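Source: prediction; values computed, not measured.
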Amino acid sequence: MGCNMALPLLLSMAVLASQRHTLTAAAPAAAAGAFGSWVTDNQKDFAINQALYAKKAVGNTGDTIDERLAKAEANKTTYIVDPKGGGDYTNITAAIADIPEGNTGRVILDLKPGVYREKVFLNLSKPYVTFKADPLNPAIIAWNDTAATPGKDGKPVGTVGSTTCAIESDYFVAYGVVFKNDAPLAKPGAKGGQAVALRVFGTKAAFYNCTIDGGQDTLYDHKGLHYFKDCIIRGSVDFIFGFGRSFYEGCDIISIVKEVAVLTAQQRTKTIEGAIESGFSFKNCSIRGEGGGQIFLGRAWGDSSRVVYAYTEMSKEVVPVGWDGWNIKQPESSGIYYGEFKCSGPGSDARKRIGWALDLTESQAKPFIGTHYVFGDSWIRPPPTGSSPPSSKKPSSSAAASPADSPAESPSSSFEASSPESSEAPASSKASSPAKSSESYSKDKKKKEL
């Protein structure tokens with residue numbers, strides 16, 4: 001995301017507020033037209049296509065778990081990574097280098113507490129990898145690139161290149177890890193302030209009790225099926241963005257700015273192949289601000305941008321209109337799908353929302369408010385909270401590889417897309433239930449009941 005968006009957002013907020021009652025009155029007409037057809041299509045998709053996908057995902061065997069995943073989980077290898085020198089490797093980059101190309105068994109990187117100052121890239125040829133840490137004393141993967149940082153060729157690395165940790169492989173799992181981009185927070189209107197902490201491109205990836213900490217563009221939910229459970233996500237502008245199909249459950253989402261924050265920029269659009277099936281769903285989450293600035297729930301990066309919040313607690317910083325159409329001239333007929341279901345808190349009054357956003361009924365919400373939204377029955381496993389198997393790896397020469405050799409820019413992925421444009425940037429932490437994801441987690445998380 002890269003243009004000056006702070007002033008336009010402030011202006012649009014004033015315009016939206018003045019038009020709120022008119023738009024709300026027009027909502028029934030919108031729902032009856034093209035927008036209403038999108039609502040119906042989503043319900044049909046849930047009723048028909050879910051069963052077909054689930055059958056395909058398990059290889060038509062009737063098993064309840066993806067066949068390849070089941071085999072990988074039965075064949076586990078552990079590498080111990082300790083920045084203090086007490087393991088097989090002192091940095092994550094070296095451990096990843098020793099994972100065989102095309103591995104078919106689960107490889108657990110047991111990350112000991114400490115700060116891993118390195119850019120991490122896990123390419124698509126190395127699936128079934130787990131980053132496991134102690135949520136109470138976590139491993140912190142940190143770097144400070146922004147989109148404006150010069151690469152080896154002297155040119156700005158861009159949004160993708162700013163990423164601290166990029167996951168392009170499938171079947172990835174993280175538990176108790178802090179992913180952090182600690183670049184200074186960009187000033188409102190500044191260009192090149194995008195500072196991605198985590199980019200997830202592989203499919204069937206799960207994150208438990210993790211903290212994803214940054215500013216502008218904190219989490220690049222790039223592409224694929226993703227599950228975030230009891231995580232802390234902190235940022236400023238568009239800090240959950242991309243065209244993944246993702247389910248966020250029990251997560252704390254925190255704005256860190258004094259000006260205007262935008263939580264999501266979801267890029268579901270008819271013009272990108274495959275993206276039409278994407279969207280972000282949030283359930284039992286909390287939304288709040290630390291900086292005192294106003295919060296938009298999302299803005300439309302694509303003509304069919306899709307975001308749903310259910311059973312989510314919203315603080316007073318959430319603006320009454322809730323959503324911003326951004327560059328979409330007629331959101332009510334484009335295919336944008338923004339909905340809320342049984343949310344709570346002073347910022348949750350769906351009656352005050354912009355007229356083309358939905359106060360969902362139970363039947364409309366049902367497709368989005370479970371792991372079935374990401375077809376999770378075939379691939380989501382319990383978090384790896386127990387003891388890891390002992391190390392089964394003897395360090396090779398790559399164990400001494402320096403994280404300083406990490407590329408300034410991740411290798412180009414097989415799926416490219418420019419990130420949405422906006423301004424502002426970085427900051428820090430949050431979380432929810434089972435084990436706790438860092439000290440701030442234990443302080444910040446409140447129990448939520450459905």
Rounded to the nearest 0.5 Å, what separation is found between the [atom1] atom of [X] and the [atom2] atom of [Y]?
{"X": "W379", "Y": "L225", "atom1": "CH2", "atom2": "CG", "result": "6.0 Å"}
{"X": "D230", "Y": "C210", "atom1": "CG", "atom2": "SG", "result": "10.5 Å"}
{"X": "C165", "Y": "R199", "atom1": "SG", "atom2": "CZ", "result": "10.0 Å"}
{"X": "S348", "Y": "Y309", "atom1": "OG", "atom2": "OH", "result": "13.0 Å"}
{"X": "K223", "Y": "T203", "atom1": "NZ", "atom2": "OG1", "result": "7.5 Å"}
{"X": "Y337", "Y": "Q364", "atom1": "OH", "atom2": "CD", "result": "5.5 Å"}

With distance as the sole test, does [X] use its side chain to make a donor-acceptor pair with the main-chain N or O of [Y] at under 3.5 Å?
{"X": "S281", "Y": "F368", "answer": "yes"}
{"X": "N103", "Y": "P127", "answer": "yes"}
{"X": "T264", "Y": "L297", "answer": "yes"}
{"X": "Y128", "Y": "D170", "answer": "no"}
{"X": "S236", "Y": "Q216", "answer": "yes"}
{"X": "E118", "Y": "I92", "answer": "yes"}
{"X": "H222", "Y": "F241", "answer": "no"}
{"X": "R268", "Y": "R306", "answer": "no"}
{"X": "R288", "Y": "M314", "answer": "no"}

[Y] and [X], any side-chain heavy atoms less than 4.5 Å apart:
{"X": "V307", "Y": "W323", "answer": "yes"}
{"X": "Q294", "Y": "V319", "answer": "yes"}
{"X": "I276", "Y": "K270", "answer": "yes"}
{"X": "E340", "Y": "Y311", "answer": "no"}
{"X": "I336", "Y": "D303", "answer": "no"}
{"X": "F282", "Y": "V308", "answer": "no"}
{"X": "T164", "Y": "D145", "answer": "no"}
{"X": "L111", "Y": "Y116", "answer": "yes"}

> Would F239 and I233 count as a side-chain contact (heavy atoms from CB on, under 4.5 Å) if you check the C-alpha gap in whole Å, the side-chain angles of each, and the deciding distance to 0.1 Å?
Replying inline: CA-CA 8 Å; F239 61 94; I233 307 168; 4.1 Å; yes
Which heavy atom of [X] sits nearest to which heavy atom of [Y], and what is that distance?
{"X": "A300", "Y": "G325", "value": "CB-O, 3.7 Å"}
{"X": "K119", "Y": "G161", "value": "NZ-O, 2.8 Å"}
{"X": "V196", "Y": "S162", "value": "N-OG, 3.1 Å"}
{"X": "S169", "Y": "L122", "value": "OG-CD2, 3.1 Å"}
{"X": "S305", "Y": "Y338", "value": "OG-OH, 2.8 Å"}
{"X": "A133", "Y": "G176", "value": "CB-O, 3.4 Å"}

>> Could you go through F131 and Y175, starting from their C-alpha distance and side-chain angles, then the distance that decides it, and tell me whether this counts as ring-ring contact (aromatic ring centres under 6.0 Å, His included)?
In response: CA-CA 6 Å; F131 287 3; Y175 173 72; over 10 Å; no
Residues two or more places apart in sequence or in another chain: which of them pass salt bridge (charged side-chain N to carboxylate O under 4.0 Å, His left out) with [X]?
{"X": "D359", "answer": "none"}
{"X": "D221", "answer": "none"}
{"X": "K71", "answer": "none"}

>> Is the distance between the ring centroids of H226 and F247 under 6.0 Å?
In response: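 No, too far apart.
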> What's the verdict on salt bridge (charged side-chain N to carboxylate O under 4.0 Å, His left out) for R381 and E73, showing C-alpha distance, side-chain angles and the deciding distance?
Replying inline: CA-CA 10 Å; R381 304 293 93 203; E73 296 296 341; over 6 Å; no
> Would you call the rings of Y208 and Y227 parallel, tilted or perpendicular, where under 30° means parallel and over 60° means perpendicular?
Replying inline: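 Aromatic pair Y208/Y227 classed perpendicular.
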> How would you list, by chain and number, every residue that makes a side-chain contact (heavy atoms from CB on, under 4.5 Å) with A197, sequence neighbours excluded?
Replying inline: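 Here the qualifying residues are N181, I212, T218.
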> With sequence neighbours left out, what residues match A310 under side-chain contact (heavy atoms from CB on, under 4.5 Å)?
Replying inline: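 In terms of side-chain contact (heavy atoms from CB on, under 4.5 Å), with neighbours along the sequence ignored, A310 is linked to F341, I369.
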>> Closer than 4.0 angstrom, basic N to acidic O: yes or no for D182 and K180?
In response: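 The answer is no: the pair does not qualify as a salt bridge.
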Taking only residues two or more places apart in sequence, or in another chain, which ones meet [X] in a ring pair (Phe, Tyr, Trp, His ring centres under 6.0 Å)?
{"X": "F179", "value": "none"}
{"X": "F280", "value": "none"}
{"X": "F228", "value": "F207, Y248"}

> Is it true that the NZ or CZ of R68 lies under 6.0 Å from the centre of Y171's six-membered ring and within 45 degrees of the ring axis?
Replying inline: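 Relative to the ring axis of Y171, which defines the angle, R68 lies outside at least one limit.
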According to side chain to side chain donor-acceptor pair (under 3.5 Å), who are the partners of [X], at least two apart in sequence or on a separate chain?
{"X": "T130", "answer": "R106"}
{"X": "N144", "answer": "none"}
{"X": "S388", "answer": "K132"}
{"X": "N123", "answer": "S125"}

> Taking it one step at a time, do E317 and S315 satisfy side-chain hydrogen bond (donor to acceptor under 3.5 Å, both in side chains)?
Replying inline: CA-CA 5 Å; E317 290 85 1; S315 70; 2.4 Å; yes
>> Please evaluate residues I287 and L263 with respect to the criterion side-chain contact (heavy atoms from CB on, under 4.5 Å), reporting the C-alpha separation (whole Å), side-chain torsions for both, the decisive distance (0.1 Å), and the verdict.
In response: CA-CA 9 Å; I287 296 169; L263 301 190; 3.5 Å; yes
>> For N284 and T312: C-alpha separation, side-chain torsions, deciding distance, then whether side-chain contact (heavy atoms from CB on, under 4.5 Å) applies.
In response: CA-CA 5 Å; N284 288 353; T312 290; over 6 Å; no
>> Before you tell me yes or no, could you show the steps for S278 and Q266 under side-chain hydrogen bond (donor to acceptor under 3.5 Å, both in side chains), namely the whole-Å CA-CA distance, both residues' side-chain angles and the distance that decides it to 0.1 Å?
In response: CA-CA 8 Å; S278 70; Q266 205 282 323; 3.0 Å; yes
